[in-house]
Amino acid sequence: MSTAVAPRQMNPLLAAYLRNLSAHPLRTKAITTALLQFFQEILASHLAGAPPPRVAKDAPFLLHVLARAQVSSKAFKMAAYGFLVSAPVSHTLINALQRVFAGKSGLAARVGMLLASQLVVAPIQIFSYLTCMAVINGAKSVDEVAKTVKAGFGKVLRITWMTAPAYTVFAQQFLPAEMWVPFFNFMQFLTGTYFNTKIKKMRLEAEAKEKKAKEPKKD
């Protein structure tokens, strides 16, 4: 006597997301990235120990609550970055990569696509990310932007090279195909939060050193 195994049903929310991703890929990616960047900024601010945004004492109670929760104007700027920069750049690069390797299969094609992703796509994404982070964090000149990119590019690229291939192989081996998109979004959220937290800590340390240097020395 054989036992029939009922087919596993996909989560309705996941199914709806994947339908939208297929029908409107750029719009869906842009909205998803904007939301993830918004919450990533809030979480990174808490992890870095950043001071909450200042609010006037006579401001509405809701603004005080949002400030304590680290919901600042920067969180909305990060959402704009995700919607207007990160998602379109990634969408364009990945589509170009897929066109180059369209119709190719086998180990050589998979390895070639992975190498192209890490050696071409990732550096462009990191450069645009660090450039936008510098501007959002208050850089007012090309020199300040260049310093931020120079200080963080190598570190971010090394971490990307260590993590991205690992979770790509993990997804290919252990997750069903329909779970790849949300899984990659989750992993990018984690790594992005880590990078953002590191940048915040670097800025806080630099500000603390600058403040200490300006203090008059005691005899």
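Please read all numbers here as calculations on a predicted model, not as lab measurements.
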For [X] against [Y], the heavy-atom pair lying closest together:
{"X": "G82", "Y": "P88", "result": "O-CD, 4.2 Å"}
{"X": "A67", "Y": "P52", "result": "O-CB, 3.3 Å"}
{"X": "H46", "Y": "A69", "result": "NE2-O, 3.1 Å"}
{"X": "A164", "Y": "Q118", "result": "CB-NE2, 3.6 Å"}
{"X": "A116", "Y": "F101", "result": "CB-CE1, 4.1 Å"}

So, Q37 versus S86: side-chain donor-acceptor pair below 3.5 Å or not?
no
Begin with the C-alpha distance, continue with both residues' side-chain angles, and end with the deciding distance and a verdict on side-chain contact (heavy atoms from CB on, under 4.5 Å) for L36 and F186.
CA-CA 9 Å; L36 291 177; F186 176 70; over 6 Å; no
Please report the interatomic distance [atom1]([X]) to [atom2]([Y]), rounded to the nearest 0.5 Å.
{"X": "H64", "Y": "R68", "atom1": "NE2", "atom2": "CZ", "result": "8.5 Å"}
{"X": "F189", "Y": "F39", "atom1": "CZ", "atom2": "CZ", "result": "8.5 Å"}
{"X": "K198", "Y": "I159", "atom1": "NZ", "atom2": "CD1", "result": "7.0 Å"}
{"X": "L190", "Y": "T163", "atom1": "CG", "atom2": "OG1", "result": "10.0 Å"}
{"X": "Y194", "Y": "L43", "atom1": "OH", "atom2": "CG", "result": "14.0 Å"}
{"X": "T28", "Y": "L21", "atom1": "OG1", "atom2": "CG", "result": "5.5 Å"}

Please tell me if the side chains of [X] and [Y] come closer than 4.5 Å, counting only heavy atoms from C-beta onward.
{"X": "P123", "Y": "T160", "answer": "no"}
{"X": "M113", "Y": "K104", "answer": "no"}
{"X": "N196", "Y": "E41", "answer": "yes"}
{"X": "F38", "Y": "I42", "answer": "yes"}
{"X": "T32", "Y": "K29", "answer": "no"}
{"X": "Q188", "Y": "N185", "answer": "yes"}
{"X": "S72", "Y": "K77", "answer": "no"}

Show, in sequence, the C-alpha distance, side-chain angles and deciding distance for K201 and L47, and conclude whether the side-chain contact (heavy atoms from CB on, under 4.5 Å) test is met.
CA-CA 9 Å; K201 286 184 176 180; L47 294 176; 5.9 Å; no
All ring pair (Phe, Tyr, Trp, His ring centres under 6.0 Å) counterparts of F170, not counting sequence neighbours:
F174, F183
Cluster check [X], [Y]: I/L/V/M/F/W/Y, side chain < 4.5 angstrom:
{"X": "I124", "Y": "M133", "value": "yes"}
{"X": "Y129", "Y": "L119", "value": "yes"}
{"X": "Y81", "Y": "L26", "value": "no"}
{"X": "L93", "Y": "L114", "value": "no"}
{"X": "L13", "Y": "L175", "value": "no"}

Give a yes or no on whether F184 atom CZ has more than 12 heavy-atom contacts from other residues, nucleotides or ligands under 6.0 Å away.
yes
Is there a donor-acceptor pair under 3.5 Å between the side chain of T191 and the backbone N or O of M187?
yes
Can you tell me if S128 uses its side chain to pair, donor with acceptor, with the backbone of Q125 under 3.5 Å?
yes
Just one of I94, V89, T92 clears the side-chain contact (heavy atoms from CB on, under 4.5 Å) bar with V121, so which one?
I94
E205 bridged to K200 by N-O distance under 4.0 Å:
no
Donor-acceptor list for residues 141-157 side chains, cut-off 3.5 Å, not counting sequence neighbours:
from, atom 1, to, atom 2, distance (Å)
S141, OG, E144, N, 3.2
E144, OE1, K140, N, 2.6
T148, OG1, E144, O, 3.2

Run I31 and F83 through side-chain contact (heavy atoms from CB on, under 4.5 Å) and show every step you take.
CA-CA 6 Å; I31 294 173; F83 189 90; 4.0 Å; yes
